[in-house]
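In what follows, a single structure is set out as structure tokens and then discussed.
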Amino acid sequence: MYFPFIEEKMGEGRMSGNVAAHEAFSKPFELFEELVKKLISNPEQWDPKVFRDGIHGFMPVLREHLAEELTTLDAAELRKYLTPKDFEDFEKKFLEEINKTVALSTPLQVLYVNGDSVNGEWFPQFPASLVFLVKYGLYWVHSDMWEFGSCDKHKRVKAPFAPYEPPVKMQQ
């Protein structure tokens, strides 16, 4: 929804480079999604190295894409084409769509269970009440998904994930 909205406001073709980049990482990402589905249906096949390799299959291209996308979505550039009202109207439509299609408990947990505190806190930080809800409420409802996460419910990296690739420093 977001990128078609941006392109509609900024002009046709402005997002085409980003679309091409999405296509470059989508196939490796689909392979990773298949691996995750396989692990969910057959947990005894869990292998941290295979899981990490799956992530590393799409992450370099995704990382490059996200760095390039920052120039497309630069605030000064967006201000030339969009008003705050445009964003407010879009946000209302977006939230309506989200409310129709997404159960909010699942994405929160997916973010939390894969968000370690070793490489720095999340920005913005999760509010304390949300952390409590996830750790002591939603954890028990969906604890099966936490088995595959890289962190425990206290956001500490699990041993099999400790040697993962450190984040790449972005050049400015």
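If you read the sequence from its start, that first residue is 1, and numbering goes on from there.
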When the ring planes of H65 and H22 are compared, do they come out parallel, tilted or perpendicular, using 30° and 60° as the limits? perpendicular
Should the ring pair F5 and F87 be called parallel, tilted or perpendicular, given that the plane angle runs from 0 to 90° and is split at 30 and 60? perpendicular
Are [X] and [Y] within salt-bridge range, i.e. N to O under 4.0 Å?
| X | Y | result |
| --- | --- | --- |
| K85 | D89 | yes |
| E77 | K80 | yes |
| E34 | K37 | yes |

Which pair of heavy atoms, one from M10 and one from L82, lies closest together, and at what distance? CG-CD1, 4.4 Å
On a heavy-atom basis, the closest approach of P28 and G57 is CB-O, 3.4 Å
Do other residues, nucleotides or ligands put more than 12 heavy atoms under 6.0 Å from the OH atom of Y81? yes
L31 versus L35: any side-chain heavy-atom pair under 4.5 Å? no
4.5 Å side-chain heavy-atom contact, M59 and F32: no
Distance, nearest 0.5 Å, that separates CZ of F90 from NZ of K9: 11.0 Å
How long is the gap from CD on E30 to CZ on F25, to the nearest 0.5 Å? 10.5 Å
Whether E12 side chain and E7 backbone form a donor-acceptor pair below 3.5 Å: no
Can you find a side-chain donor-acceptor pair between T83 and D86 that sits under 3.5 Å? yes
Give the intermediate values and the outcome of side chain to side chain contact (heavy atoms under 4.5 Å, CB included) for residues L62 and F29. CA-CA 9 Å; L62 176 60; F29 189 75; over 6 Å; no
